[in-house]
There are 2 protein chains.
Amino acid sequence: MDKKKLTFIEESGLMFEQLGMTRMVGRVFGYLLVSDQDEVSFEQIREVLGASKGSISGTTRQLIQIGLIEPVSLPGDRKTYFRITELELGKLLKSRMELFGRFSKTLANARNVKNREDSVAGWLLEASVFYGWIGDQIDEVIDKWHREKDQIIKTKIGTKKNE
Amino acid sequence: MDKKKLTFIEESGLMFEQLGMTRMVGRVFGYLLVSDQDEVSFEQIREVLGASKGSISGTTRQLIQIGLIEPVSLPGDRKTYFRITELELGKLLKSRMELFGRFSKTLANARNVKNREDSVAGWLLEASVFYGWIGDQIDEVIDKWHREKDQIIKTKIGTKKNE
DNA sequence: TTTTTTGTTCAAAACTTATTGAACTAATTG
DNA sequence: CAATTAGTTCAATAAGTTTTGAACAAAAAA
């Protein structure tokens, strides 16, 4: 396997780790991203990543659960293959934003628990409104993306040439 | 200490854990949020949370580093006190969005590593543009918040009464 | 200067999470 | 049906992280 690809796979592992998932999740996802095949077999993943069957089994399960990859089975072939789910963009972001929604609720709750209307209480009110509001705003931005993406992508590629 | 507050402190711990920080970080922050004092001493935090000095020392350091709390010292008092930093809203969100910026770069990089212009490559282009673009959009949304927050908060409180 | 207070540091312990590997199940082939 | 292949499960282990606690440093008080 191409050295560049292996490097990329490790990078991907580290990135996913930073996003709160495991390194192995990032590696498997990274491998499927850069593979030159449409789908890759369980055994091939295990071999390239040098991991155990148990590890690949658990990791692919997680990735399927998150929705980042999907299993593929072929007639006349008992192996399981995997491929990248071409996610609707914004879904991952939306799910991350839900964390902020919960953060917002916790902040609102903090306010109820306080015995004093001090400056922190004022800030808590503002913050809980903010994090609630921002969720809706981001939904709108994502809608805008779907409406205008062709234009946005064209523009982006255009400007890239002049960098 | 109020039972409601202790419950809140634990909730806060769990939430911060989910955001990728430690439980103790969440607890200290939670305690400062709901405390009825403007600032709280090191020893008081240690006592309420039933943790060691070493633990409080490391945790407060982290929280200061993130910018969520700040140390306060008083003349004629050798103790260190801590209080919530009344963060400009949106800063936390912005720093989280930087992760998406990096995600975007990683996706763009994956595209360079591939030897084939397949459907995943197309998706990678779209995704890397998306995650770059969304960062700017969110900056705009945050600016909008600062311009219109008074109105937004008033509206939110108004609707809350009718829930 | 000696003592006390306040907080820091860091090695060890406790805990948590990820990974392996061997035994197992399910499905297919011959 | 027996043999083979593919993948799962789970207990044991490895790896990593957090917390403690004892020794230490800094600063103020006596």
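A note on names: the letters A, B, ... follow the listed sequences, proteins ahead of strands, and every chain is numbered from 1. Because the structure is a prediction, the values reported are computed rather than measured.
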Which whole-number value in Å describes the distance from [X] [atom1] to [N] [atom2]?
| X | N | atom1 | atom2 | answer |
| --- | --- | --- | --- | --- |
| R46(A) | dT8(D) | CZ | C1' | 15 Å |
| F82(A) | dA6(D) | CZ | P | 13 Å |
| I45(A) | dT8(D) | CD1 | P | 11 Å |
| L74(A) | dA6(D) | CG | P | 13 Å |
| I56(A) | dT9(D) | CD1 | P | 15 Å |
| K79(A) | dT8(D) | NZ | P | 15 Å |
| M21(B) | dT17(D) | CE | P | 16 Å |
| R23(A) | dT20(C) | CZ | C1' | 17 Å |

For [N], does OP1 or OP2 lie under 4.0 Å from any side-chain N or O of [X]?
| X | N | value |
| --- | --- | --- |
| R61(A) | dT9(D) | yes |
| S55(A) | dT20(C) | yes |
| T80(A) | dG7(D) | yes |

State whether the side chain of [X] and the backbone N or O of [Y] hold a donor-acceptor pair below 3.5 Å, judged by distance alone.
| X | Y | answer |
| --- | --- | --- |
| T85(A) | G67(A) | yes |
| K5(B) | V34(B) | yes |
| S35(B) | Y31(B) | no |

Collect all protein-nucleotide pairs involving nucleotides 22-26 of chain D in which both atoms are nitrogen or oxygen and the distance is under 3.5 Å.
none

Under 3.5 Å side-chain donor-acceptor pair for [X] and [Y]:
| X | Y | result |
| --- | --- | --- |
| Q44(A) | Q37(A) | yes |
| R102(B) | Q18(A) | yes |
| T22(A) | E17(A) | no |

Do any N or O atoms of the protein come closer than 3.5 Å to N or O atoms of nucleotides 25-30 of chain C, and which pairs are they?
unit_1  : atom_1 : unit_2 : atom_2 : d
dT28(C) : O2     : R78(A) : NH2    : 3.3
dT29(C) : O4'    : R78(A) : NH2    : 3.3

What nucleic acid atoms does T22(B) come within less than 4.0 Å of, heavy atoms only: base, sugar-phosphate, or nothing?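 Contact class for T22(B): sugar-phosphate only.
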Please determine whether side-chain contact (heavy atoms from CB on, under 4.5 Å) holds for the pair R116(B) and V120(B), giving the CA-CA distance in whole Å, both sets of side-chain angles, and the decisive distance to 0.1 Å. CA-CA 9 Å; R116(B) 228 169 53 125; V120(B) 171; over 6 Å; no
Donor-acceptor pairs under 3.5 Å, side chain of residues 46-57 of chain A to any protein atom, not counting sequence neighbours: which ones?
unit_1 : atom_1 : unit_2 : atom_2 : d
R46(A) : NE     : E43(A) : OE1    : 3.1
R46(A) : NH1    : A51(A) : O      : 3.2
R46(A) : NH2    : E43(A) : OE2    : 2.9
S52(A) : OG     : S55(A) : N      : 3.1

Return the 5'-most residue of the pair S57(A), E17(A) with respect to DNA chain D, ranking by each residue's nearest nucleotide.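 First, find each residue's nearest nucleotide; the 5'-ward one identifies S57(A).
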Strictly below 4.0 Å, N to O, side chains only: are E88(B) and K94(B) in salt-bridge contact?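 A salt bridge is absent here (no side-chain N lies under 4.0 Å from a carboxylate O).
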